[in-house]
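Worksheet: one structure, shown below.
Order of the sequence lines fixes the chain letters, A, B, ..., with proteins taken first and strands second; residue numbering starts at 1 for each chain.
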2 protein chains.
Amino acid sequence: MMEGGRSVEINQLVEERLDVDDERLNRVFSALADPTRRDLVARLATRDATVGELAAPYDISLQAVSKHLKVLEDSGLVTRSREAQRRPVHLEAEVFDLMTKWIERYRQEAEARYRRLDALLDELAEQEDPAGQTTAPPLRDEDAS
Amino acid sequence: MMEGGRSVEINQLVEERLDVDDERLNRVFSALADPTRRDLVARLATRDATVGELAAPYDISLQAVSKHLKVLEDSGLVTRSREAQRRPVHLEAEVFDLMTKWIERYRQEAEARYRRLDALLDELAEQEDPAGQTTAPPLRDEDAS
DNA sequence: ATCATTGTCAACCGTCCGGTTGAATATCCT
DNA sequence: AGGATATTCAACCGGACGGTTGACAATGAT
């Protein structure tokens, strides 16, 4: 099917793009897996801040916070400008979309499945138990919850 | 302010609840930080499956997949029933909500901030530069972007 | 009873991760 | 030039993580 060479190229491109997204998802999810980094993001949502300001509330070293910010930056959740010696940190809201899209996709698939299952069960109940009597159900052992 | 003892209790309860959510977020985010586990979730979105079925496509050991499923189970993303020797795995879509709620909260805060900034810039541009001439802006050094 | 099937448990290994401390860099101030 | 401020770089440490292999447990089939 199709002319070969071209479709291979396309497949490579598609795979590459998926890998890129995969890598970004790896980084974003694992960036937010740390409570300190989630707190940094939360605080950056209301205003930009310098490393020193961000580090103040925590009782870990400033260097540790700097590392956390590096992780957030590599994940794309945050960017840094330059202002004298300071390097103000800025939250990039767009990256959230990558995650929410991934999450929503599979959540919706799963929910659609549950709705189908519910519909099926309703249908069975109606056609085999229309009055509500307790007849032996036509289920094998393995189907019990 | 307030009667003391009671508010301390309440604060403890609130803190505890936040800690619990925090712990769950840690687990859910780090569960999804691994590409194999994300793939497992993706496949479970369409149908339940056994460990063996789930492990087949990957070239890692069955035990490794079993471990991955344990992580997903501990995060609450997945539950397991029992069916003879098999232990079918089932995706629990509700847990996604915890993540999406967290994400959406800060994304929206950040976006609201950008909108306010845009509005402010528009306002400044209008009142100080109505015809388009380039006057010196009333900004101190630190306010430069 | 025995055997096959399905999955988990346990111990081990190399790598990554979050933290530390100490030195280096960059910029401002005087 | 010299010092103060803000941040990063580099080396190190202990613990968690993803993977392996080998033994064990539970259930179904003969």
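For B:R82, a side-chain nitrogen or oxygen approaches OP1 or OP2 of D:dT27 to under 4.0 Å. Look at B:S61 and you won't find any side-chain N or O under 4.0 angstrom from OP1 or OP2 of D:dG19. One finds a side-chain N or O of A:R80 lying less than 4.0 angstrom from the OP1 or OP2 phosphate oxygen of D:dT8.
Taking the six-membered ring where the residue is Trp, the centroids of B:Y114 and A:H90 are separated by under 6.0 Å.
Between the CG atom of A:L69 and the C1' atom of D:dT7 there is a distance of 11 Å, given to the nearest Å. As rounded to whole Å, 14 Å separates atom C1' of D:dA25 from atom CD of B:Q63. Between the CZ atom of B:R86 and the C1' atom of D:dG28 there is a distance of 8 Å, rounded to whole Å. In this entry the distance linking NZ of B:K70 with P of D:dA16 reads 14 Å, nearest Å. If you take CD of A:E73 and P of D:dT7, they are 13 Å apart, rounded to a whole angstrom. One atom, CG of A:L54, and another, P of D:dT8, lie 11 Å apart when rounded to the nearest Å.
Taking the 5' to 3' direction, DNA chain C first and last meets chain B under 4.0 angstrom from a heavy atom at C:dT5 to C:dA11.
For B:R87 and A:I60, each mapped to the nucleotide of DNA chain C holding its nearest heavy atom, the one lying further toward the 5' end belongs to B:R87. Nearest-nucleotide mapping onto DNA chain C: of B:P88 and A:R37, the residue sitting toward the 5' end is B:P88. For the pair A:L62 and B:K67, nearest-nucleotide mapping onto DNA chain D gives the more 5' position to A:L62.
Using cut-offs of 30° and 60° on the angle between ring planes, the pair A:F29 and B:F29 is tilted.
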Report task. Verify salt bridge (Lys or Arg N to Asp or Glu O under 4.0 Å) between A:E23 and A:R27, making sure each step is shown before the conclusion. Result -> CA-CA 6 Å; A:E23 255 308 300; A:R27 283 203 278 261; 3.3 Å; yes
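Contact annotation: the side chain of A:P57 approaches that of A:R43 to within less than 4.5 Å [non-hydrogen atoms, C-beta and beyond]. For the pair A:P35/B:N26, a side-chain contact is recorded, criterion being any heavy-atom separation below 4.5 Å from C-beta on.
B:V71 and B:V51 end up in different hydrophobic clusters when Ile, Leu, Val, Met, Phe, Trp and Tyr side chains are linked at under 4.5 Å.
B:T50 comes within contact range of the sugar-phosphate backbone alone, with a heavy-atom separation under 4.0 Å but no base atom that close. As judged by a 4.0 angstrom heavy-atom cut-off over every strand, A:A84 is placed among residues touching the sugar-phosphate backbone only.
The base of D:dG28 has none of its N or O atoms less than 3.5 Å from a complementary donor or acceptor on the side chain of B:E83.
Taking only side-chain atoms of B:Q85, from C-beta outward, the nucleotide of D:dG28, D:dT8, D:dA23 with the closest atom is D:dG28.
The shortest heavy-atom contact between B:D97 and B:T100 is O-OG1, 3.0 Å.
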